[in-house]
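Take a look at the structure set out below.
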2 protein chains.
Amino acid sequence: MSQNRPDSLGARAILQTATQMFAREGYAGVSMNRLATEAGVSKANIFHHFSNKEALYLAVLEMACESASDVMDSTPIPENSTFEERITLLHCGFLASLEQNPDSTRLMTRELGRAGLSAANVPAEKVIAQFDIRFIRFIKLLTAGQQAGLLREDIDPALLATLMVSSNMFFFQSKSALNAMTGLDFAKDSQGFARGVMDILIHGIVPKS
Amino acid sequence: MSQNRPDSLGARAILQTATQMFAREGYAGVSMNRLATEAGVSKANIFHHFSNKEALYLAVLEMACESASDVMDSTPIPENSTFEERITLLHCGFLASLEQNPDSTRLMTRELGRAGLSAANVPAEKVIAQFDIRFIRFIKLLTAGQQAGLLREDIDPALLATLMVSSNMFFFQSKSALNAMTGLDFAKDSQGFARGVMDILIHGIVPKS
DNA sequence: GTCTATAAATTGATAGAC
DNA sequence: GTCTATCAATTTATAGAC
């Protein structure tokens, strides 16, 4: 099994359930026994569709990257809008896209973090490539604004892009925990958080004396 | 084994090696067999010191929280400094403290992310409490600045604190991956990144016309 | 494509000697 | 406190019928 469209009902069920389980419990946390039970198929059937556990994980990860890419590409690109509106829209849309497919996001985040830890990290490369696309998108928009004199010249667009991506990634990953902390009420309102962040970035934190 | 100071040589070796392995490979990714081998002790000796795998993990997590707390508390608090200098110092010091004990940070980050996924999450509560302390520290400083008219009134200090923490947490977690991406050269220079972020937050991204 | 049955290795954990 | 030897259960994976 390596093609992107699963053919049989079983293969679909396996991929779907495996995505959920790998995303929530990690590679080592999922056993083929439990996966088979929860997917409603026999264990042997999993090995019929996927040569081994790692191949299954790789297929799951590849699907996650694709669906994340699909969601991202569906972000509307408004033409007649100001620079500030555009980056705000991209920023808020990015967080929304993370939340639209939580399991894909979790899988990719997991791999991002593993990138530095284990050598010979083949699966992480696909994920890095996916994020690279996002970063390039942000940086492109920011650089254009900078050339138009709408963004401070001494700001590195890549650093600003990282700051924007950071806040969304961390918020998605930790919002449940944030919700349990003191005074972080906005944890329930993702878009409110994203807008608040952009307001700070655009206007700065210093009062206009 | 539940006290904080390991008594025997073996116990120390076990805790130290377990911290590394759990941090890098997660709870399910570590087997007692491998842990015993890598720690240079017998598997039975692990079960002599810790009643079971989960108890060991809990002990490791507790130690990680303590050492993270120790590092954090050692951040110097300058008296005669401006508001901007103070928050920049706190921000940069926070990232430095994350990097000073990478395994503790990884363990805690892992738990932060699990908080929303699995029910009855006892270990995560300690970690959340640890982060809560950090957030309160940030928020306190920001609120003081706000009352002194040095921070915009319509900014939620908790949201700004989250933005600051976010960027550092994500940077730490993903810097290896960031390093592999297009144009993100600052990924090698943590303190440079943290300073750049604070520069953006303080001065905003809009040029002074 | 799907299943039951089974194999071989590894898992978390214990018994008991020193 | 540390070890060797061992246990039952679970793990990944395969064989072979339908």
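In what follows, chains are A, B, ... by sequence order, proteins preceding strands, each numbered from 1. Because only heavy atoms are used, hydrogens play no part in the values below, and waters and symmetry mates are left out as well, while side chains stay in.
Closest to the side chain of A:His49, out of C:dG1, C:dT4, D:dT2, is C:dG1. Side-chain atoms of A:Ala44 lie closest to C:dT4 of the nucleotides D:dC3, D:dT11, C:dT4.
Side-chain nitrogen and oxygen atoms of B:His48 include at least one within less than 4.0 Å of the OP1 or OP2 phosphate oxygen of D:dG1. For B:Ser8, a side-chain nitrogen or oxygen approaches OP1 or OP2 of D:dT2 to under 4.0 Å. The side chain of A:Asn33 places an N or O atom within less than 4.0 Å of a non-bridging phosphate oxygen (OP1 or OP2) of D:dT11. Between A:Ser31 and D:dT11 there is a side-chain polar atom (N or O) within less than 4.0 angstrom of OP1 or OP2.
A donor-acceptor contact shorter than 3.5 Å links the side chain of B:Ser42 to the backbone of B:Asn45. Not a single donor-acceptor pair under 3.5 Å links the side chain of B:Asn33 to the backbone N or O of B:Lys43.
Atom C1' of nucleotide C:dA13 and atom OH of B:Tyr57 are separated by 21 Å, given to the nearest angstrom. In this entry the distance linking CD1 of B:Ile46 with P of C:dT14 reads 13 Å, nearest Å. Note: CG (A:Asn45) to P (D:dG16) measures 19 Å, nearest angstrom. Note: CG (B:Leu35) to P (C:dA13) measures 12 Å, nearest angstrom. Distance, B:Lys43 NZ to C:dT10 P: 11 Å, rounded to whole Å. Going from atom OH of A:Tyr27 over to atom C1' of D:dT12 covers 9 Å, rounded to whole Å. When the P atom of C:dG12 is taken as reference, atom CD1 of B:Ile14 falls 14 Å away, rounded to whole Å. Atom CZ of B:Phe47 and atom P of C:dT11 are 11 Å apart (whole Å).
Ring planes of B:Phe94 and B:Phe138: perpendicular class, angle over 60° (limits at 30 and 60°).
Using modelled atom types, one finds a donor on one side chain and an acceptor on the other under 3.5 Å when comparing A:Gln130 with A:Arg134.
A cation-pi arrangement, defined by a distance under 6.0 Å to the six-membered ring centre and an angle within 45 degrees of its axis, is absent between A:Arg86 and A:Phe83.
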